[in-house]
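One structure is given below, encoded as structure tokens.
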Amino acid sequence: MNLTDIREAVAQRLSTVPGVRPIAYPADSIPTGANTVVTVAPDSGWVDYHEAFAKGLGITRLQLTAWVQASDMRAAMGRLDALASSGSGCDSSLADALMDRDRTLGGVCHDLVVDNVSGPRSELLADGARYLCADWSVRIYAGRQ
């Protein structure tokens, strides 16, 4: 289970969502000029090494945080709604981008599940920019051998 490869594969897949700029690590700052940034970071219970006997399977948990510019709060909420929607045929869903395609992320894992999304919340950054944010919990199953 290569955690860097998994995190980068998740970010690569999220880059297929129109208007999303993924960052494969917890960001020091949110890049300006991007309407929607999604960071990929370890989640609570980051790695479970003992999912199967003989080191056969591990689980890593990641948190995706969507940062949507909130100069217009209604528009920002609409964007988060689109990112959180699923199964509607909408190409802007983060969950659909991960679960409705190759769930092995090109072979870096065995399977993945997007468990839930929490939020939204408003964040004011040090530079004065306001964002509307939400967090997705992703569970990834990967071999340990």
Side-chain angles (χ1 to χ4, degrees), residues 1-49 51-52 57-145:
M1 171 173 31
N2 185 313
L3 298 175
T4 300
D5 288 350
I6 291 169
R7 202 174 54 252
E8 289 176 353
V10 167
Q12 178 63 35
R13 179 65 58 79
L14 295 175
S15 71
T16 66
V17 177
V20 167
R21 179 177 176 184
I23 300 175
Y25 48 86
D28 294 330
S29 62
I30 300 304
T32 57
N35 182 39
T36 304
V37 173
V38 177
T39 56
V40 181
D43 202 356
S44 177
W46 181 20
V47 179
D48 180 352
Y49 297 106
E51 183 60 24
L57 185 68
I59 296 176
T60 184
R61 290 171 179 81
L62 297 175
Q63 177 176 292
L64 312 178
T65 301
W67 300 78
V68 177
Q69 289 181 351
S71 53
D72 175 348
M73 195 58 76
R74 184 175 182 162
M77 190 67 232
R79 177 67 171 146
L80 276 184
D81 284 346
L83 292 170
S85 294
S86 180
S88 61
C90 180
D91 64 355
S92 61
S93 167
L94 296 185
D96 289 354
L98 291 171
M99 295 193 305
D100 288 355
R101 298 180 189 152
D102 172 19
R103 289 169 56 145
T104 70
L105 300 172
V108 299
C109 66
H110 295 306
D111 195 13
L112 65 83
V113 176
V114 179
D115 286 315
N116 58 60
V117 60
S118 61
R121 68 184 184 284
S122 181
E123 296 279 346
L124 182 62
L125 301 185
D127 64 1
R130 180 164 301 281
Y131 289 85
L132 196 58
C133 301
D135 300 312
W136 282 252
S137 294
V138 181
R139 190 170 16 118
I140 299 170
Y141 298 88
R144 290 196 53 228
Q145 297 183 17

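Predicted, not measured: the structure shown is a model, and the values here were computed from it.
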Can you see which heavy atom on [X] is nearest to which on [Y], and at what distance?
| X | Y | answer |
| --- | --- | --- |
| D96 | S86 | OD1-OG, 2.7 Å |
| C109 | Y141 | CB-O, 3.3 Å |
| T39 | A27 | CG2-CB, 3.9 Å |
| E123 | C133 | CG-SG, 3.5 Å |
| L80 | A134 | CD2-CB, 4.0 Å |
| S137 | D43 | OG-OD2, 3.1 Å |

Does [X] reach the side chain of [Y], with side-chain heavy atoms less than 4.5 Å apart?
| X | Y | answer |
| --- | --- | --- |
| Y131 | V37 | no |
| V17 | T36 | no |
| I140 | M1 | no |
| V117 | L83 | no |
| R121 | T65 | yes |
| I23 | W67 | no |
| V108 | E8 | no |

Atom [atom1] of [X] and atom [atom2] of [Y]: how far apart are they, to the nearest 0.5 Å?
| X | Y | atom1 | atom2 | result |
| --- | --- | --- | --- | --- |
| L132 | R74 | CG | CZ | 14.0 Å |
| N2 | R7 | CG | CZ | 9.0 Å |
| I59 | R139 | CD1 | CZ | 6.5 Å |

When you check the side-chain N and O atoms of S122 and R130, is any donor under 3.5 Å from an acceptor? yes
Counting N and O atoms only, with roles assigned by atom type, does the side chain of [X] sit under 3.5 Å from a partner on the main chain of [Y], one being a donor and the other an acceptor?
| X | Y | value |
| --- | --- | --- |
| T60 | W46 | yes |
| R61 | G45 | yes |
| R103 | L112 | yes |

What residue among D5, L98, L94 forms side chain to side chain contact (heavy atoms under 4.5 Å, CB included) with V10? L98
Please test Q12 against L105 for side-chain contact (heavy atoms from CB on, under 4.5 Å), starting from the C-alpha separation and ending with a verdict. CA-CA 9 Å; Q12 178 63 35; L105 300 172; over 6 Å; no
Step by step, would you call R79 with S92 a side-chain contact (heavy atoms from CB on, under 4.5 Å)? CA-CA 9 Å; R79 177 67 171 146; S92 61; 3.9 Å; yes
